[in-house]
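Step one of this worksheet: look at the structure below.
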Amino acid sequence: MSRILLTILVVNFLLVAPLWWRFEDISAHLIAWEALIIVPLMMLLPSGKARRWVGVGFISWVILVIAINVGSTATHMAFARPLNVYLDVPLLGSIYYLLVGNVGQLMAVGAMLLGAGLLVVSAVGLVKLLLPPVSYSIKRLPGAFALLLLIMATGGAALELKGVRVVDSARLPMVEATRFQWQQVTDTHAARLAFTAQLKAEPLAMQPLPGLEGRNVLLTFIESYGVSALDDPRYSDVLLPTLADMERRLGEQGLHVVSGMLESPIRGGQSWLAHATALSGRWIDNQLWYRLMLDSRHSTLIDDFRATGQRTLGVMPAISMAWPEGVAYGFDDIAVANNIDYAGPALNWVAMPDQFTLDYTQKNLLGDSPVFAQLALISSHAPWTPILPVIEDWSLIGDGSIFAPWEDAGDPPEVLWRDIDRIRDHYALSVDYAVKVTGRWAERVVDDRTLLIVLGDHQPAPLITGDNASAAVPVHIISADASLLAPFKAHGFVPGTLPALEQDGSAPRMSQLRQWLQEDFGQPVINTAARSDIRTTLRTEP
């Protein structure tokens with residue numbers, strides 16, 4: 001009987017422990033009905049091949065559920081959503097490279113090997129516990145006890161399936177995880193078919209934007225710049241003074257700025273999905289939709305601006321390997337880490353600081369002809385260390401070797417990430433740096449022939465924002481030509497660098513940005529301050 005109880009305790013612990021991590025509530029997840037069913041059943045089955053196959057099936061199911069529940073906890077912490085095996089398994093490679101950038105290759109490999117090793121050890125242990133050489137007879141006490149447990153647990157599980165909870169702390173983690181993932185698979189597959197059909201049946205056509213003809217349009221994403229940076233006191237005390245100073249400095253340069261909010265399709269990571277959403281005008285909130293959109297050769301802002309006469313440019317300093325997506329998008333020129341002449345140090349995950357990226361873009365990539373550029377700034381990417389100062393004299397930046405003193409500045413990630421409060425402090429400081437250098441850059445590059453669109457790509461992880469934070473990100477539109485900003489005011493943007501924070505947490509979707517540009521700049525801008533409805537004046541059918 002002691003073997004039965006020990007095996008139940010082990011199986012039960014393996015099933016409920018990941019839920020303690022996920023929900024931070026041990027009392028609600030103390031008992032797994034499946035442990036009270038599987039263990040007695042295996043003890044009562046007669047020895048033989050059939051019993052071994054049943055045991056292998058149960059053990060495989062338990063290990064799979066453990067991996068799913070641990071993975072769901074990780075995706076919730078990183079992306080504020082549950083695991084979807086249909087979509088997330090292909091991201092394992094990206095997770096590995098993210099770990100390498102944050103904590104180093106040794107620790108990244110060690111963490112992944114540790115996780116795999118724990119699953120292997122759990123599987124071996126379950127084999128030894130669930131497949132003993134002999135079975136129990138119900139004519140003896142251990143067998144009778146096992147049969148009683150099996151009957152009671154089967155009844156409790158059946159009632160739980162019908163919505164009747166007879167024990168407050170008992171759950172069905174195996175059934176619930178399997179049912180949820182199966183529903184995810186079927187729903188996602190159906191959505192895939194619907195999305196594919198939509199791409200074919202309702203394409204967003206390429207459209208020239210003569211209202212922006214002859215102008216530089218610079219779509220600049222700031223990593224992890226979400227609304228929490230402005231409405232959470234832990235971060236707004238740092239960011240709001242910077243935005244106020246940025247507004248003042250832009251005004252002194254004769255530049256106008258309006259600000260608003262857009263809802264990002266993702267949180268915590270996968271920035272490329274936000275980029276794809278803004279470029280395509282489609283809501284791209286998962287890797288599958290991203291691949292389908294690219295494979296369909298769906299038109300994007302890149303096509304719109306090429307048809308308008310701009311040279312198209314992608315500046316992606318975090319890309320250090322082949323980037324076929326850039327070719328699929330159709331950029332005329334692509335600048336990635338390997339072909340940007342940076343002589344400074346890598347700063348943990350950050351391949352090069354934002355100030356260098358912006359300076360290099362201005363000096364070497366923009367050129368004299370009108371350009372549409374997408375830039376992805378990365379200094380505010382986790383692990384948010386070290387924090388750099390803004391170099392006021394941009395002529396000193398050069399090839400980036402000036403940043404060498406900060407290579408080992410501050411605590412390394414593995415030290416910083418032991419203290420949640422310090423992590424949050426560093427998040428605020430890194431976003432502040434990114435916003436500050438972008439504002440300084442605007443003073444240098446923006447004129448009446450330039451439209452600079454600065455926006456966050458997504459909110460940071462729930463560790464920073466909390467579980468129920470809005471998915472909105474700030475957007476700042478800057479130009480010396482006030483007429484270029486008037487259409488954005490019609491969409492709810494307000495003058496200055498501080499957007500009107502949505503009281504109900506809602507904001508227009510990021511996918512609407514392309515549609516607005518097509519609507520509002522699909523014919524030449526009329527320079528008059530007397531327009532009462534700029535949207536009506538400028539709108540044409542896409």
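Each residue takes its place number in the sequence, starting with 1. Note that the structure is predicted; figures quoted are calculated from it, not measured.
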- Task: Compute whether any side-chain donor of one residue and acceptor of the other, for Gln459 and Ser264, lie under 3.5 angstrom apart.
- Result: no
- Item | CA sep, side-chain torsions, deciding dist, call: Arg179, Leu161, side chain to side chain contact (heavy atoms under 4.5 Å, CB included) | CA-CA 11 Å; Arg179 182 166 55 187; Leu161 286 173; 4.2 Å; yes
- Query: Any idea which heavy atoms bring Val431 and Leu239 closest together, and the distance?
  - Reply: CG1-CD1, 4.0 Å
- Message: Holding to side-chain hydrogen bond (donor to acceptor under 3.5 Å, both in side chains), I want the full list of residues that pass it with Trp61, two or more places apart in sequence or in another chain.
- Response: Thr178
- Query: Shortest non-hydrogen contact from Pro474 to Pro499?
  - Reply: CB-CG, 4.4 Å
- side chain to side chain contact (heavy atoms under 4.5 Å, CB included) evaluation trace for Phe58 with Leu41: CA-CA 11 Å; Phe58 276 136; Leu41 178 62; 3.9 Å; yes
- What residues form a side-chain hydrogen bond (donor to acceptor under 3.5 Å, both in side chains) with Arg514, not counting sequence neighbours? Ser299, Asp304
- Set of salt bridge (Lys or Arg N to Asp or Glu O under 4.0 Å) partners for Asp303, sequence neighbours left out: Arg306
- Query: What distance separates Arg422 CZ from Leu429 CG, expressed to the nearest 0.5 Å?
  - Reply: 10.5 Å
- Task: Indicate the ring-plane relationship of Tyr235 and Tyr427, choosing parallel, tilted or perpendicular according to the 30° and 60° boundaries.
- Result: perpendicular
- Evaluate the side chain to side chain contact (heavy atoms under 4.5 Å, CB included) criterion for residues Leu455 and Ile222: first the C-alpha distance (whole Å), next the side-chain angles of each, then the deciding distance (0.1 Å), finally the verdict. CA-CA 6 Å; Leu455 70 165; Ile222 295 179; over 6 Å; no
- Mind checking whether His381 and Trp349 have parallel, tilted or perpendicular rings, split at 30° and 60°? parallel
- Item | Rounded distance (nearest 0.5 Å) linking atom CG of Leu262 with atom OG1 of Thr277 | 11.0 Å
- Query: Can you tell me how far CE of Met174 sits from CD1 of Ile66, rounded to the nearest 0.5 angstrom?
  - Reply: 9.0 Å
- Starting at CD1 of Ile31, measure out to CZ of Arg171 and round the result to the nearest 0.5 Å. 10.0 Å
- Step by step, work out the side chain to side chain contact (heavy atoms under 4.5 Å, CB included) result for Tyr433 and Trp384. CA-CA 11 Å; Tyr433 166 81; Trp384 305 309; over 6 Å; no
- Query: Hey, what do you get for CH2 (Trp272) to CD1 (Ile266), rounding to the nearest 0.5 Å?
  - Reply: 8.5 Å
- Message: Looking at every non-hydrogen atom in both residues, tell me the closest pair between His426 and Ile387 and how far apart they are.
- Response: O-CD1, 3.6 Å
- So salt bridge (charged side-chain N to carboxylate O under 4.0 Å, His left out) across residues 144-162, not counting sequence neighbours, yields Glu160-Arg165
- Between the main-chain N or O of Ser511 and the side-chain N or O of Arg282, is there a donor-acceptor pair closer than 3.5 Å? no
- For Arg234, all residues meeting salt bridge (Lys or Arg N to Asp or Glu O under 4.0 Å), sequence neighbours excluded: Asp232
- Item | Heavy-atom side-chain proximity of Ile453 to Thr220 below 4.5 angstrom | no
- Salt-bridge criterion met for Glu325 and Arg291 (N-O under 4.0 Å): yes
- Within a radius of less than 6.0 Å around CG of Asp237, do more than 12 heavy atoms belonging to other residues, nucleotides or ligands occur? yes
- Message: Going by side-chain hydrogen bond (donor to acceptor under 3.5 Å, both in side chains), name the residues that satisfy it together with His275, two or more places apart in sequence or in a different chain.
- Response: none
- How long is the gap from OG on Ser259 to CG on Leu230, to the nearest 0.5 Å? 9.0 Å
